[in-house]
Amino acid sequence: MSKQADKDKLDILIERGLQNLFSDREPPSNLWDRIKQQSDAENPETGFLPRRPVFAVAASLILLAVVFNWSFTELIKGSGQSSFPITLIDELHTFHISGRPLDVTEENPEALRSWFVERMEFQPPSPPDAGATAIKLVGGRLCQIESNRVVSYMYELAGKSMSLFITLNDAVPVSDDEHEVERRRGYGHIGWQSGDMRYSLVGPVPDEVLSELAETFKEHQPTSYNTFNLKGPVI
């Protein structure tokens, strides 16, 4: 294979790699202007673009620098947000693809709560009543997230498995915009607080469905319970 063929193949691989990496992001609106300005600055006497081979290399380097600088800036911007919603989404997604069974299968809210009471360091509330909606309580899972035990009440809605995560407020950082739906991997997250508890509803459903279910759970969630389990967890 010739050197030119090797170069062409490498160019294609680089192009495809960049497309896959940034396929879901819009490039900065002034990207081409910045490339043009940089190339003009390197040729102040003529004001013209350099010969094609030189320009191709220069433009590629500038493009990579701008893109990665822009991506790093976006990463820094996002670092101020709580990672907890993303962690919960990834946890539920991993559970779904693993094919693992629930820790406990139980449709009775109080019986399900009793199972968790013996295993938590706090007294979890009962699963909220879903009212007249089609969502169905099917069981639960005991999760370990960011060094904290977290209750996961599992529901089903139109064949889709969803989780209502519950933990103490002071166990995780709270974001100001947690009441808004956050999405990742096709899953949505919406959170709220009540008393000492923090609720996070996660599932592969549209934003409006998730928001409506969250409002239903808020209206029907228990309002009185003892926070701490004085007996301590069994395991």
Is the shortest heavy-atom distance from the side chain of [X] to the side chain of [Y] under 4.5 Å?
{"X": "Met162", "Y": "Ile135", "result": "yes"}
{"X": "Ile190", "Y": "Ser200", "result": "no"}
{"X": "Tyr153", "Y": "Ile166", "result": "yes"}
{"X": "Thr105", "Y": "Val138", "result": "no"}
{"X": "Glu106", "Y": "Trp115", "result": "no"}

| task | Apply the test side chain to side chain contact (heavy atoms under 4.5 Å, CB included) to residues Leu142 and Val104: give CA-CA distance (whole Å), side-chain angles for both, the deciding distance (0.1 Å), then the verdict. | result | CA-CA 9 Å; Leu142 178 61; Val104 55; over 6 Å; no
What distance separates [X] [atom1] from [Y] [atom2], expressed to the nearest 0.5 Å?
{"X": "Ile89", "Y": "Ser83", "atom1": "CD1", "atom2": "OG", "result": "11.5 Å"}
{"X": "Glu182", "Y": "Leu210", "atom1": "CD", "atom2": "CG", "result": "11.5 Å"}
{"X": "His220", "Y": "Ser126", "atom1": "NE2", "atom2": "OG", "result": "14.0 Å"}
{"X": "Ser152", "Y": "Leu102", "atom1": "OG", "atom2": "CG", "result": "8.0 Å"}

| Lys/Arg N to Asp/Glu carboxylate O, Glu107 vs Lys136, below 4.0 Å | yes
For [X] and [Y], which heavy atoms make the closest approach, and how far apart are they?
{"X": "Arg183", "Y": "Pro206", "result": "NH1-C, 4.1 Å"}
{"X": "Ser211", "Y": "Val181", "result": "OG-CG2, 3.6 Å"}
{"X": "Pro124", "Y": "Val117", "result": "CD-CG2, 4.0 Å"}
{"X": "Val202", "Y": "Leu92", "result": "O-CD2, 3.5 Å"}
{"X": "Leu201", "Y": "Ala214", "result": "CD2-N, 3.8 Å"}
{"X": "Asn169", "Y": "Gly195", "result": "ND2-O, 3.0 Å"}

| said: Looking at Phe95, I'd like to know if the NZ or CZ of Arg141 sits under 6.0 Å from its six-membered ring centre while staying within 45 degrees of the ring's axis. | reply: yes
| Under the ring pair (Phe, Tyr, Trp, His ring centres under 6.0 Å) criterion, do Phe217 and Tyr155 qualify, and how do the steps go? | CA-CA 12 Å; Phe217 282 161; Tyr155 294 83; 5.1 Å; yes
| task | Take Phe165 and Glu91 through the test side chain to side chain contact (heavy atoms under 4.5 Å, CB included) and record every step on the way to the result. | result | CA-CA 11 Å; Phe165 295 97; Glu91 195 283 332; 3.4 Å; yes
| said: Is there a side chain to side chain contact (heavy atoms under 4.5 Å, CB included) between Arg149 and Phe122? Walk through the geometry before answering. | reply: CA-CA 10 Å; Arg149 291 184 181 181; Phe122 61 90; 5.9 Å; no
| task | For Ser161 and Glu156, test the side chains for any donor-to-acceptor distance below 3.5 angstrom and give the result as yes or no. | result | no
| task | Check for a donor-acceptor pair, side chain of Arg113 on one end and backbone N or O of Phe116 on the other, with a separation under 3.5 Å. | result | no
| Sub-6.0 Å ring centroid separation between His189 and Phe84 | no
| side chain to side chain contact (heavy atoms under 4.5 Å, CB included) between Met197 and Thr167, worked out | CA-CA 6 Å; Met197 298 293 165; Thr167 189; over 6 Å; no
